[in-house]
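Structure, as structure tokens:
Throughout, a chain's letter reflects where its sequence line sits, starting with A, and its residues are numbered from 1. The figures here come from the full heavy-atom set of this structure, side chains too, leaving out hydrogens, waters and symmetry mates.
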Amino acid sequence: MLEKNSMAGSLESNDILVELFHDHKGRSIDLESPVKEQFGDEIISVVNEVLDQYGIDDVLVILKDKGALNYTIKARLKTAIARGQK
Amino acid sequence: MSKTFDGIKEYQYINYEFSKNKALQLDNKLVTLEHLKENNVFFDGMTISFHHHLRNGDYVANMLFEIIEELALKDITIVASSIFPVHKPLVELIKNGNVTSIYAAYISGEVADCISAGYLKNPVYLHSHGARARLLLNKEVTIDLAFIAAPSVDKSSNINGSEGPSSCGVLGYAYADALVAKTVVAITDNIINEVNDIEISGTNVDYVIEVDSIGDANGIVSGTTQVTKDPLGLLIARNATKVIEHSGLLKDGFSFQTGAGGISLAVAMELEKIMIKNKIKGSFASGGITAYLVNMLEKNLFEKLYDVQCFDLDAVASIKRNKNHHKMSASFYANPYDRNNIVKDLDVVILGATEIDLDYNVNVTTTSNGVLMGGSGGHSDTAAGAKLTIIVSKLIAGRISVIRDQVTTITTPGESVDVLVTDYGIAINPKHQELINNLKDNTNLKIYTIEELYKKALALTGIPKQIKLSDEIVGIVEYRDGTILDYIYKVK
Amino acid sequence: MDTYIRSALFIPANNPGMVQSNELLEADAIIFDLEDAISINQKDSARFLLDEAFQFFEKTDVVRIVRINPLETPFFYDDIALVKKFDIDFIMLAKASVESVKQLAQELVDTNIKIIALIESAYAVIDIENILKASSLVKGILFGAEDFALDMQIVRTKKSDEILVARQHLAITCKALNVFALDTPFTDVEDFEMLVADTMKARNFGFSGKACINPRQVNYVNEVFSPSLEEITYALEVIESATKAQLEGLGVFSLHGKMVDAPIINRAKLTIENAKKAGIKYE
């Protein structure tokens, strides 16, 4: 479970900025992305998969995407989760 | 209504003959804008043309828009060679119905967004540079008034683009207008005794208007980019040059054109190295001219430059002083009905793409979201004319693959496109089996089918959801000969 | 020694743009940097990114090197744990010493991962022989002249006279102990003329490759370290003679009065492979 708010990634090209807010009931995912129409659903699905993996059901996820590929999204999210757990 | 495109044809040359015989003397023609307004030069429903050679430093087109607004003219058709962000005042005129039709080879900035949003009453007409000459010279469009920004006008009302404080080099996209328009108005900030080069003869000119300034010199040469510093862009340029080297075309007499994008310019740089190393003397380089091509001319790598528009100050300076740097009209450049058209003599052209599909069709008109952001310019002309058409592009940018199943809008048909060079590898149109074998046998270049490259892209990005475009047509994309290639749809 | 690395390009492991296009940059080896390129509070982020990247991207011909943090930092063991999950060719050990090499080698006992020792202090330069002998997993070194100069309290110059003896000492020791030596990167990323001169110097001292800190340096470095036509011709002769000898059932044979055995034949094959990589055409 998340103990505190956390953040990972950046707004550089090919990256994604992930912010997690732990004091939140249920899962909410807010996505800002230049490819929202083309890949929005996929990005959210990737995020949900990772949250499932870590058993996190109460979190607000704010994503500011700059065209990150899936592996980057997973990495940044996992980093933020680890930082939120310490 | 125009026919649908059904393949690239052989076109019959037309013997163009135009003769206006207006008196040359400037005195009788020198008037004010007020005078024109008061004398019914402007009226509802008219067709007005202008050129884009002053690019984002242009003051003249906006003077025209002010007049249209002031006189509350309605149903005006604008025939512009290109439209840039500087032409923003046109947006209000479109929204208010003053301007209801537009023809252009390239549209960017807020005017493009406005058209994509559906404000223009009639669908915008997008054509190539060569096709604009055809539209005018073949009298498919009647120009009531040509509003020509003229860097220098002399006492015989002759016009020259390469002299004056707002010099733009060549006025290639204004020649046809001067020949066919019912009324020709030249707007200048530099009246002199005698121009040192007559681009547009005073025999075509009806009125001359003198203003303080026709443009901002800094903005006039805003069309060029620098050679890319991105190592992947440089890699693409190196590999594109290797393709040229193995095409059999790189020998004495070689002719070449390249775009003004960062990677395209890098190809010119790489080519220069090879041509110097192998002591190759080319016949000509053409198109929009930049410092890089001027450099190659001065190093004697080409005998001539054929210039239809100057992209930077070096080109402007060179065209003035170098007799081998030639001015040319849009018709001479790329009109398929002009027997002298230069593009048919091109060996190699380097072009960009927003999208390319599995049939090698290329889109430089809209984004993947269907928004208007450009247009053919010389793209479909040079692709058709050149023996070897090479598209240079990164495979993926911002998670979007340049390769698609089908392009959102067809600007240039695949049958005129030969090679795609990306950072992940090269795809060659299957009709060039010999080139494919040559490159595979003699180089380390990664040669794939376009389907294979597409798969690579999708493996990285994932499969994108199809963007649904609306049904409402806001634009028509025509091919060089006037047949319809595709439509542009309203963006929600 | 089987690996032939002309160019080894450093990329920051926390930079997705560079990580995902690494194999396109034409370097023979990529050094995914977890050390100096990554600030302390992003070490975790870099590790997660590499973890996901190595899962997502297939291995290609490009040699994969990961530069890990020194033994004396809190990151050493976590970095090693990450690398061990994947098919990585080398770990580059920053601030290598006999002690840290031994520790690292112990961790790598049941893997195929080899070690490149980063020699970047006065002591490491004089202790190079012991460092190389500290483990048979050490297959090569990289000379880190910037940190070396800091340690020596001397000024680094483009002309590089101040590192002349260190370079030669390292190159000679590596040759004697049959490990490869990679030269220090050239830090002025806009000066390609000096880059080429500096790289040629390195080659002439006996380095077999050089590190790059900017992708635009890679092509220049590759060209300097690519086999010459003479080397290629000799390699072709070796291979042809070796094929003949094999048919005749001979293990070793003589060419131009010199004995040719397995290492020389392997080296010849590598030369031809690299000639191909360099795009050099030959009969």
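A:Tyr71 places no side-chain N or O within 3.5 Å of a backbone atom of C:Phe54 that could act as its donor or acceptor partner.
Around the CD atom of A:Gln53, the shell of radius 6.0 Å holds more than 12 heavy atoms that belong to other residues, nucleotides or ligands. For C:Lys59, the NZ atom is densely surrounded, since the number of other residues' heavy atoms within 6.0 Å is greater than 12. Other residues, nucleotides and ligands contribute over 12 non-hydrogen atoms within 6.0 Å of the CD atom of A:Gln85. Within a 6.0 Å sphere centred on CD of C:Glu190, heavy atoms belonging to other residues, nucleotides or ligands number more than 12. Atom CG of A:Leu11 is surrounded by more than 12 heavy atoms from other residues, nucleotides or ligands within 6.0 Å. Summarising the local packing, CG of C:Asn41 is surrounded by more than 12 heavy atoms from other residues, nucleotides or ligands at distances under 6.0 Å.
Rounded to the nearest 0.5 Å, atoms CG (C:Asp51) and OG1 (A:Thr79) are 9.5 Å apart. Here the straight-line distance linking atom CZ of C:Phe56 with atom CG of A:Leu69 works out to 6.0 Å at 0.5 Å rounding. Here the straight-line distance linking atom OG of A:Ser10 with atom CG of C:Asn15 works out to 8.0 Å at 0.5 Å rounding. Atom NZ in A:Lys74 sits 7.0 Å away from atom CD in C:Gln55 (nearest 0.5 Å).
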What do the steps show when you test A:Arg76 against C:Leu49 for side-chain contact (heavy atoms from CB on, under 4.5 Å), and what is the final call?
CA-CA 7 Å; A:Arg76 297 328 199 186; C:Leu49 191 65; 4.1 Å; yes
Given the rule in the side-chain contact (heavy atoms from CB on, under 4.5 Å) test, do A:Thr72 and C:Glu52 qualify, once you have shown the distances and angles that lead to the verdict?
CA-CA 7 Å; A:Thr72 304; C:Glu52 294 302 324; over 6 Å; no
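At a 4.5 Å heavy-atom cutoff, A:Ala8 makes no contact with chain C through either its backbone or its side chain.
Closest heavy-atom contact between A:Asp15 and C:Pro16: CG-CG, 3.7 Å.
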